[in-house]
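In what follows, a structure is listed as structure tokens, so that the remarks can point back to it.
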Amino acid sequence: IASSADTASDPEAYQTYAAAFVLVTGLVFLAAGMLRLGFITQFLSKPVMDGFVVGLAAFVAVGQLNKLLGVEKPEGNTVEKLVGIVRELPDANLTTLGVGALALAALFLLPRLSKRLPSGLVVLFGAIALSSMLDLAGRGVDVVGSLPQGLPTPALPAVPLEDYLAMVLPAIGVLLVAFSESLGVAHEFAEKHGYEVDSDQELNAHAVVNLGSGLFGGLIAAGSMSSSAVKEGAGARTQVANLVAWGATIVTLLFLTPVFASLPEAVLGALIIHAVWHILASRKLVTLRKEAPVEVWFGVLALLGVLFIDVLQGMMIGLLASLAFVIYRSSRPHLASLGRVPGASGAYADVTRHPDTVPVPGVVIIRLDAPMYYANALTARDGLKTMIREATPPVRAVVFDAEGQDDLDLTSAEVLKRLVAELRDEGMAVYFADVHAPVLERARETGLLEIVADGHVFPTVDLAVREIEGHAAQPPGEDP
């Protein structure tokens, strides 16, 4: 960011540009919230979200392993980082490893002794006390060190307008990464605790916190898997926990920052790994494999994308794969041939799925179990032709049950016009039933109604069938 103004070597200028970027990110979030773009998240299926959340938990956990071992953090994706850490094991600081292992053991064992015991706080302050008494920093253990004290003063970053504008596109990228992670975390805990997530409200919340953070010279703020998991592990269940954390943060900044100077980084890493462990151990994808053997692969793709590429890319891979599957499935809808349901006057059902139904002789009643649109219109047409070819006795009339159709695009209308004309040329009468008003209006606008004979549109399938049977019962030469 700072390099855009040729000031990357100036720490103060860098901080100013960083704050400006946070501010622009907040404005981008605000614009997305005002445009109510949260609906886009409805395209993220449960398998994709589950795979993404598991991958995110692994991403977070692997990112803390170097703190537990006292080694340098490797570069690369999650898998490369893990491989790099394994290679660095011979160089691990044994004291750091001991501190981290002891902290992890305490975090897992203390809840078994008492669920009411705040194990996270016990480990945190116990580690601070132990580090101070044993001078762990002098033994090569990385500690938090000195922290700045006091509250920042709000100010608008003094950055030229053109630099603000240049930050918009990168800020959109940050929005995608931050919001995908936040939304994954939000859905994870919403499902666990039984509440709903309002995506537009989440966008607005991100806008407010980032605008505030930018004015105070802070970092980009977003929902965090590690922070949320730590809070939940400590017993947080409502937003009151965030208010308490906010108050405690201010008190800490004003008076308590020296207390945390001796806190070992390994303990922080242990706290975060313990917090996300329940997600890694939840076997989400194993459960999904039994419930949805096809869709689970979209979760696997999202998981692998996070592990082998990065967070945003993993989310996008899973999203695009699931969207491609939806398009594929909608382009091949089930075409049902209907028959009368015995003992239920006026009721019709799929003869394939309900063998007790009675087909109407010489009449094919078609129901498309999905809306017809440009991608499946030809498939539906070919399926109908096959049904007519295989029907016995020969077909004299066709009834289209349009109950599931709420709109009619131009491609579908053109396909239906050609099909109706073809069927009529072959001597078959064509009827439409249960046509919704918007579809009827579109049929009128596209000229479809001009091809369908007068009086061949009925409010129910049964009325259309009775009309056909009435024509068949008329003596030859008598007007209908």
Side-chain angles (χ1 to χ4, degrees), residues 1-4 14-45 48-53 55-57 59-60 63 77-78 156-157 159-190 196-229 239 242 301-303 305-306 309-323:
I1 298 167
S3 61
S4 64
Y14 191 95
Q15 184 177 0
T16 300
Y17 272 79
F21 184 69
V22 175
L23 201 60
V24 172
T25 302
L27 291 173
V28 170
F29 268 113
L30 183 61
M34 293 177 65
L35 293 173
R36 302 186 67 82
L37 296 182
F39 76 92
I40 295 173
T41 62
Q42 296 174 12
F43 293 98
L44 298 173
S45 65
V48 170
M49 290 303 299
D50 284 351
F52 174 73
V53 167
L56 192 58
F59 172 85
V60 170
N77 59 46
T78 302
L156 186 67
V159 172
L161 177 61
E162 58 269 22
D163 287 338
Y164 271 112
L165 295 176
M167 295 176 185
V168 172
L169 285 179
I172 293 174
V174 170
L175 179 147
L176 294 173
V177 175
F179 193 57
S180 60
E181 178 177 352
S182 300
L183 199 66
V185 176
H187 280 291
E188 168 69 20
F189 289 105
E196 296 295 326
V197 175
D198 185 334
S199 300
D200 292 319
Q201 184 176 346
E202 295 292 323
L203 285 170
N204 292 329
H206 280 74
V208 171
V209 295
N210 279 288
L211 289 172
S213 180
L215 291 175
F216 281 94
L219 300 175
I220 290 174
S224 165
M225 168 68 74
S226 55
S227 298
S228 300
Q239 294 296 338
N242 287 332
L301 285 174
L303 168 64
V306 172
I309 308 176
D310 209 339
V311 173
L312 175 61
Q313 289 85 341
M315 171 67 79
M316 295 304 298
I317 288 171
L319 171 62
L320 293 176
S322 59
L323 283 178

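Given the structure is predicted, the values throughout are model-derived calculations rather than measurements.
Applying the side chain to side chain contact (heavy atoms under 4.5 Å, CB included) criterion to Ala205, with sequence neighbours excluded, gives no partner residue. Take Thr78 and apply the side chain to side chain donor-acceptor pair (under 3.5 Å) test, not counting sequence neighbours, and it matches no residue. Evaluation of the side chain to side chain contact (heavy atoms under 4.5 Å, CB included) rule for Met316 yields Leu312, Leu319 as partners, not counting sequence neighbours. Annotation: side chain to side chain donor-acceptor pair (under 3.5 Å) contacts of Asp198 (sequence neighbours excluded): none. Partners of Gln239 by side chain to side chain donor-acceptor pair (under 3.5 Å), not counting sequence neighbours, listed by chain and number: Asn242. For the side chain to side chain contact (heavy atoms under 4.5 Å, CB included) test, residues two or more places apart in sequence or in another chain that qualify with Ala190 are Tyr195, Val197. With sequence neighbours left out, the side chain to side chain contact (heavy atoms under 4.5 Å, CB included) criterion links Met49 to Leu44, His187, Met315.
Legend: salt bridge (Lys or Arg N to Asp or Glu O under 4.0 Å) pairs involving residues 18-43, not counting sequence neighbours, sorted by first then second residue: Arg36-Asp200.
Between Val159 and Phe21 the shortest side-chain heavy-atom distance does not fall below 4.5 Å. Side-chain atoms of Leu175 and Val28, non-hydrogen and from C-beta on, do get closer than 4.5 Å to each other.
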Leu37 and Phe39: CA distance, side-chain angles, deciding distance, side chain to side chain contact (heavy atoms under 4.5 Å, CB included) verdict: CA-CA 5 Å; Leu37 296 182; Phe39 76 92; 4.1 Å; yes
Val168/Val24 under side chain to side chain contact (heavy atoms under 4.5 Å, CB included): CA gap, chis, key distance, verdict: CA-CA 7 Å; Val168 172; Val24 172; 4.3 Å; yes
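Listed here is the closest heavy atom pair of Asn204 and Gly33: OD1-CA, 3.3 Å. The shortest heavy-atom contact between Phe52 and Ala302 is N-CB, 3.9 Å. In terms of heavy-atom proximity, Gly318 sits nearest to Val48 at O-CG2, 3.4 Å.
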Residues 210-222 side chain polar contacts: donor-acceptor under 3.5 Å, at least two apart:
{"unit_1": "Asn210", "atom_1": "OD1", "unit_2": "Ala221", "atom_2": "N", "d": "2.8"}
{"unit_1": "Asn210", "atom_1": "ND2", "unit_2": "His206", "atom_2": "O", "d": "2.8"}
{"unit_1": "Asn210", "atom_1": "ND2", "unit_2": "Ala221", "atom_2": "O", "d": "2.9"}
{"unit_1": "Ser213", "atom_1": "OG", "unit_2": "Leu219", "atom_2": "N", "d": "3.2"}
{"unit_1": "Ser213", "atom_1": "OG", "unit_2": "Leu219", "atom_2": "O", "d": "2.5"}

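For the atom pair CG of Leu30 and CG of Leu203, the computed distance is 10.0 Å after rounding to the nearest 0.5 Å. Expressed to the nearest 0.5 Å, how far OH of Tyr164 lies from CG of Leu27 amounts to 9.0 Å. We find the CD1-OG distance between Ile317 and Ser322 to be 12.0 Å, quoted to the nearest 0.5 Å.
Atom CD of Glu196 has 12 or fewer heavy atoms from other residues, nucleotides or ligands within 6.0 Å.
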